[in-house]
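Working notes for the structure below.
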Amino acid sequence: FGVEIMLENLKKPKTVLSCKVQTLIETLPEEDSKILAEAIKDQEWKAFQLANELRKFDINISDRTIRHHRLGNCSCSKI
């Protein structure tokens, strides 16, 4: 047809979802969200201790998920 192909680099975009920690932070009421975000950043909170305390509030998140988020090894670090 004599038409130059312009779409040779057309690729399906990758969908990157936030991890459970970030999703939780985004869905909690504002004040709770701030408290949780600070607790996640606070390295004096051991991940297992934080996970155990959150369970008391019916928030089920594993210490492994918290550690991955802190280390930047979770999916939301790619957003």
Side-chain angles (χ1 to χ4, degrees):
F1 293 111
V3 177
E4 187 176 324
I5 297 175
M6 298 184 306
L7 301 177
E8 64 268 0
N9 293 320
L10 180 66
K11 296 178 184 169
K12 184 178 176 183
K14 292 182 182 179
T15 302
V16 180
L17 303 174
S18 61
C19 75
K20 188 170 182 177
V21 171
Q22 189 61 37
T23 300
L24 183 58
I25 289 170
E26 291 172 358
T27 57
L28 287 172
E30 186 176 351
E31 194 58 36
D32 289 337
S33 177
K34 288 177 185 177
I35 293 168
L36 179 59
E38 288 301 314
I40 294 291
K41 290 179 192 175
D42 185 352
Q43 294 296 320
E44 290 188 22
W45 269 105
K46 302 292 184 205
F48 74 91
Q49 292 171 326
L50 183 53
N52 286 340
E53 289 302 310
L54 289 170
R55 277 189 207 96
K56 293 177 183 177
F57 297 94
D58 290 325
I59 297 173
N60 294 310
I61 190 164
S62 74
D63 57 316
R64 183 174 184 215
T65 300
I66 293 169
R67 274 194 304 277
H68 278 263
H69 184 81
R70 285 178 169 172
L71 294 171
N73 294 331
C74 59
S75 59
C76 69
S77 66
K78 297 166 183 64
I79 296 176

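We count residues from 1, following the sequence as given. All values below come from the heavy atoms of this structure, side chains included, with hydrogens, waters and symmetry mates left out.
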Inset, instruction - Among residues two or more places apart or on two chains, list those pairs meeting side-chain hydrogen bond (donor to acceptor under 3.5 Å, both in side chains) that have a residue in residues 54-64. - result: Asn52-Arg55, Glu53-Lys56, Ser62-Thr65, Asp63-Arg67, Arg64-His68
Legend entry - All side chain to side chain donor-acceptor pair (under 3.5 Å) counterparts of Ser33, not counting sequence neighbours: none
Legend entry - Minimum heavy-atom distance Lys46-Arg70, with the two atoms named: C-NH1, 4.2 Å
Inset, instruction - Identify whether Phe57 and Leu50 are in the same connected component of the hydrophobic contact network (ILVMFWY, side-chain heavy atoms under 4.5 Å). - result: yes
Inset, instruction - Identify the two heavy atoms, one from Ile61 and one from Ala51, that lie closest to each other, and give their separation to 0.1 Å. - result: O-CB, 3.3 Å
Legend entry - Crowding at CD, Gln43 (>12 non-hydrogen neighbours, <6.0 Å): yes
Legend entry - SG-CD1 distance between Cys19 and Ile25, expressed to the nearest 0.5 angstrom: 7.5 Å
Inset, instruction - Only one of Val21, Ile59, Leu24 passes side-chain contact (heavy atoms from CB on, under 4.5 Å) with Leu36; say which it is. - result: Leu24
Legend entry - Considering all heavy atoms, the nearest Cys76-Ser18 contact: CB-CA, 3.5 Å
Legend entry - NZ/NE/NH1/NH2 to OD/OE distance under 4.0 Å, Glu38 and Lys34: no
Legend entry - Leu71 reachable from Ile66 in the ILVMFWY side-chain graph, under 4.5 Å edges: no
